[in-house]
Amino acid sequence: MHAELTIGIDRPPEDVFAYLTDVSNLTEWQSGVHSAEIEGGGAAAAGARVVESRTLLGKELRTTLEIVHFEPPRLFTLRALDGPALLTVRHELEPRGGETQLHVVVEGEVRHLAGFAAGLLMRGAERQFRKDFERLKRVLEARA
């Protein structure tokens, strides 16, 4: 799977980065997420692990993600260590004319599904990915 988008958010990169990397905010802007926390407590940082619980296709899933890059306020990358989809999600933030250009790239593969079923899951996930980042934009801009 490969999906990417670029979205302008009318907030400074520092605000977008802080909100994006506070995993307790995931339930507010990502569809299906019930909880997310840094394993063992503490703050987000490179090497930290995030445990999230979400509903996908009617099933409750727990996924562990590793924070690969944490470079405020410009780069945040997560990599799934388990779960049905082994994805890497890279968030690049750039100041542009008083707002933040957020470029997100998702790459990876679906496990345990073949051919047509995997394709359907990925297309649905890509649609939801776009909706979630539109919601992120709305949430952050409403806080301005």
Side-chain angles (χ1 to χ4, degrees), residues 1-39 42-46 48-113 115-144:
M1 170 188 183
H2 176 87
E4 60 184 282
L5 69 78
T6 300
I7 189 167
I9 301 173
D10 192 17
R11 303 285 289 162
E14 294 78 11
D15 291 357
V16 176
F17 190 89
Y19 184 85
L20 188 64
T21 60
D22 180 346
V23 298
S24 69
N25 291 326
L26 285 173
T27 59
E28 187 174 10
W29 68 274
Q30 275 198 17
S31 176
V33 175
H34 302 294
S35 67
E37 59 187 24
I38 301 290
E39 195 173 66
R49 291 186 175 194
V50 177
V51 178
E52 74 169 24
S53 175
R54 70 171 58 223
T55 303
L56 182 65
L57 299 174
K59 290 187 172 190
E60 188 69 25
L61 301 172
R62 254 176 90 84
T63 303
T64 303
L65 304 121
E66 178 183 17
I67 299 174
V68 179
H69 299 111
F70 189 88
E71 301 173 19
R74 60 171 216 84
L75 181 62
F76 178 60
T77 305
L78 294 162
R79 176 179 61 217
L81 301 176
D82 54 28
L86 297 180
L87 302 174
T88 298
V89 184
R90 181 179 176 93
H91 308 81
E92 296 178 47
L93 297 83
E94 180 181 329
R96 180 146 321 146
E99 68 174 26
T100 300
Q101 284 289 294
L102 174 60
H103 184 71
V104 185
V105 178
V106 179
E107 302 213 54
E109 62 182 293
V110 175
R111 302 182 323 161
H112 313 299
L113 288 177
F116 184 70
L120 282 177
L121 178 64
M122 297 295 28
R123 281 190 293 283
E126 186 173 347
R127 276 192 305 276
Q128 192 58 54
F129 160 74
R130 294 183 186 290
K131 287 180 184 178
D132 287 345
F133 279 93
E134 286 292 333
R135 188 176 306 114
L136 174 72
K137 173 183 173 67
R138 286 192 308 273
V139 167
L140 281 166
E141 290 180 351
R143 293 174 178 225

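These figures come from a predicted structure and were not determined experimentally. Atoms considered below: every heavy atom in the structure, side chains included; atoms not considered: hydrogens, waters and symmetry mates.
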* For atom CD of E37, is the number of surrounding heavy atoms from other residues, nucleotides or ligands below 6.0 Å larger than 12? ->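 Open: at most 12 neighbouring heavy atoms sit under 6.0 Å from CD of E37.
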* Count the heavy atoms belonging to other residues, nucleotides or ligands that lie under 6.0 Å from CZ of R62, then report whether that count exceeds 12. =>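 Open: at most 12 neighbouring heavy atoms sit under 6.0 Å from CZ of R62.
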Minimal non-hydrogen separation, [X] against [Y], with atom names:
| X | Y | value |
| --- | --- | --- |
| G8 | E99 | CA-OE2, 3.5 Å |
| V50 | A36 | CG1-CB, 4.4 Å |
| R135 | S31 | NH1-N, 3.5 Å |
| T27 | V33 | CG2-O, 3.5 Å |
| G108 | L87 | CA-CD2, 3.7 Å |
| L93 | L75 | CD1-N, 4.4 Å |

* Are any side-chain N or O atoms of R90 and backbone N or O atoms of L78, one a donor and one an acceptor, separated by less than 3.5 Å? ->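 Such a contact is absent between R90 side chain and L78 backbone.
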In Å and rounded to the nearest 0.5 Å, what is the [atom1] to [atom2] distance from [X] to [Y]?
| X | Y | atom1 | atom2 | result |
| --- | --- | --- | --- | --- |
| T100 | R74 | OG1 | CZ | 14.0 Å |
| R130 | E4 | CZ | CD | 8.5 Å |
| L5 | E134 | CG | CD | 8.0 Å |
| R49 | L81 | CZ | CG | 5.0 Å |
| W29 | L20 | CH2 | CG | 5.5 Å |
| R79 | E107 | CZ | CD | 13.5 Å |

* Could you name each residue pair satisfying salt bridge (charged side-chain N to carboxylate O under 4.0 Å, His left out) that touches residues 9-18, not counting sequence neighbours? =>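 For residues 9-18, and leaving out neighbouring residues, the salt bridge (charged side-chain N to carboxylate O under 4.0 Å, His left out) pairs sorted by first residue read R11-D15.
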* Kindly indicate whether the side chain of E52, heavy atoms from C-beta on, has any atom under 4.5 Å from the side chain of V23. =>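 No. Closest side-chain heavy atoms not under 4.5 Å.
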* Report the C-alpha distance between L102 and L136 in whole Å, list the side-chain angles of each, state the deciding distance to 0.1 Å, and finish with yes or no for side chain to side chain contact (heavy atoms under 4.5 Å, CB included). => CA-CA 11 Å; L102 174 60; L136 174 72; 3.9 Å; yes
* Give the intermediate values and the outcome of side chain to side chain contact (heavy atoms under 4.5 Å, CB included) for residues R54 and T63. => CA-CA 8 Å; R54 70 171 58 223; T63 303; 5.6 Å; no
* Asked: Hey, what's the ring geometry for F17 with F76, parallel, tilted or perpendicular (30° and 60° as the breaks)?
  ->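 Ring orientation of F17 relative to F76: perpendicular.
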* Asked: Just checking, any donor-acceptor pair under 3.5 angstrom between side chains of E60 and S53?
  ->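 Yes.
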* Check H69, E71, E92, E66 against T77 for a side chain to side chain donor-acceptor pair (under 3.5 Å) and give me the one that passes. =>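 Filter result, single survivor: H69.
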